[in-house]
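Below is one structure, written out as structure tokens; the observations come after it.
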Amino acid sequence: MKNFLITGGAGFIGSNFVHLMLKKYDDINVVVYDKMTYAGNLDNLAPVADDPRYNFYKGDICDHATVDEVMQKYKIDIIVNFAAETHVDRSLTEPGGFIQTDVYGTYILLEAAKKYEIERYHQISTDEVYGAVMEGRSVETDPLEPRSPYSAAKAGGDMMCQAYYTSFDIPITITRGSNNIGPYQYPEKVVPLFVSNAMEDKPLPLYGDGLQMRDYQYVLDHCEGIDTVLQKGKLGEIYNLGTGAETTNITMTKAILHLLGKPESLIQPITDRPGHDRRYALDCGKIQALGWNNQYNFEMAIEATVKWYVDNQDWWHKIKDGERYKEYYNRQYSGREVEK
Ligand code: NAD
Ligand code: TYD
């Protein structure tokens, strides 16, 4: 049996990864280690709650003593680090927590990897570390030009991983994923926000001209890609992980409305995000050379995603009906409407 520590496993991508791995392999144990911030949700892990190979441990990756305790208690062989503050808009108003978790927390986990001489430390990173890419596609050797506190903190985490590989031979790998969509995504990110707003006949707050481009990837394709790098990736290496195709936000928004049979008059233009990156675009040739490829294109991914939120309304209502979410939404969006 291999013992996995999945940090941030109660969030969106981490919980999908836990489901995938427990389905795919009989010979693994999984410990989810999660601080349970606003984005952590045990409902995301309900389908595996009774699996004897799964354990949950509440803790902060910045807390050296608790990380040490969990490493010893569960004899961890592999760490996959999903734990992070992840929302760009929140990083613009409260950057401190991003630097703490995404940089300092990564360092604490790398120290644990060093102390316990584990088999692999895998870092989940993002295409946003390359900054806005107006032409062409980012390759793994491109310089990092992060432009938001979120992407700057993620870039710091990546560089710390590379430093631990170079300085201490820690067996690290890194994947840089694009914008994921699918089940269990907290409805602050654009797709679950727009799908759930549309279902409630509420406005869809589209930033600026809506012509920004993102590579929207189905979360299961991302998780399979991570597993491919765990199996076949070369130590010390970085792998881009996306679909390699971009969609404008306005096209994504109209696709959601069309799938739900809702009118385009629900689209509400609002003032743009400061420093909004216009486009991200990845070259994914390096991970494809390991034998991985996407199973979902944009149309399939958005359709499967919309269906999940239609079929799981209790899941998102529980979040959106809470005071914490409502307070966030008002703070973030009120008074930003611009004329259509
Ligand atoms: P999420 O916000 O849904 O979940 C983050 C999880 O981390 C939550 O469960 C939260 O409680 C936990 N967490 C936060 N701070 C912690 C701490 N200090 N200690 C322990 N746990 C903590 O995020 P997500 O969208 O699932 O993203 C997961 C990872 O993937 C992140 O590293 C993110 O940067 C990266 N990523 C996300 C996307 C995307 O589209 N969502 C794309 C590329 C990369
Ligand atoms: P988001 O889901 O926040 O991911 P990221 O900023 O990490 O790419 O946003 C995706 C795109 O959608 C981005 O171009 C910003 C835009 N967006 C809106 O137009 N309105 C919104 O309310 C949000 C949250 C995002």
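We number each residue from 1, following the sequence as shown. One-based numbering, in listed order, for ligands and for the atoms of each.
- Taking a 4.0 Å cut-off on heavy atoms, Tyr333 registers as neighbouring ligand 2.
- Near Glu128, with a cut-off below 4.0 Å to any heavy atom, the atoms of ligand 2 are 5 (P), 7 (O), 8 (O).
- Every atom of ligand 1 with a heavy atom of Gly177 under 4.0 Å away is listed here by number and element: 43 (C).
- In this structure, His276 counts as a contact residue of ligand 2, since one of its heavy atoms falls inside 4.0 Å of the ligand.
- Residue-ligand proximity, Gly59 to ligand 1, at heavy-atom distances under 4.0 Å covers atoms 19 (N), 20 (C).
- Looking at Val88 against ligand 2, only its side chain comes within 4.0 Å, counting heavy atoms.
- When only interatomic distances are considered, the shortest N/O to N/O separation between Pro205 and ligand 2 falls below 3.5 Å.
- Gly105 does not count as a contact of ligand 1, since none of its heavy atoms falls under 4.0 Å from the ligand.
- Checked by distance only, ligand 2 and Asp89 stay at 3.5 Å or farther apart across all their nitrogen or oxygen atoms.
- In the vicinity of Asn179, heavy-atom distances shorter than 4.0 Å reach the ligand 2 atoms 4 (O), 5 (P), 8 (O), 10 (C).
- Of all the atoms in ligand 2, the ones that sit under 4.0 Å from a non-hydrogen atom of Leu193 are 22 (O).
- Remark: ligand 2 atoms within the under-4.0 Å shell around heavy atoms of Tyr216 are 10 (C), 11 (C).
- Between Glu188 and ligand 2 there is a heavy-atom distance shorter than 4.0 Å.
- The option with the heavy atom closest to atom 33 (C) of ligand 1, from among Tyr216, Tyr150, Phe12, is Tyr150.
- Looking at Gln212 next to ligand 2, no N or O pair under 3.5 Å apart turns up.
- Within the 4.0 Å heavy-atom shell around ligand 1 one finds Phe82.
- Residue contact check for ligand 2: Tyr329 places no non-hydrogen atom closer than 4.0 Å to it.
- At least one N or O atom of Tyr207, backbone or side chain, sits closer than 3.5 Å to an N or O atom of ligand 2.
- The shell of residues lying under 4.0 angstrom from ligand 2, judged by heavy atoms, excludes Gln332.
- Under a 4.0 Å criterion applied to the non-hydrogen atoms of His87, ligand 2 contributes the atoms 3 (O).
- For Tyr104, no heavy-atom contact with ligand 1 is shorter than 4.0 Å.
- When hydrogens are left out, the protein atom nearest atom 40 (O) of ligand 1 is Asn180 N, 2.8 Å; that is the closest non-hydrogen contact.
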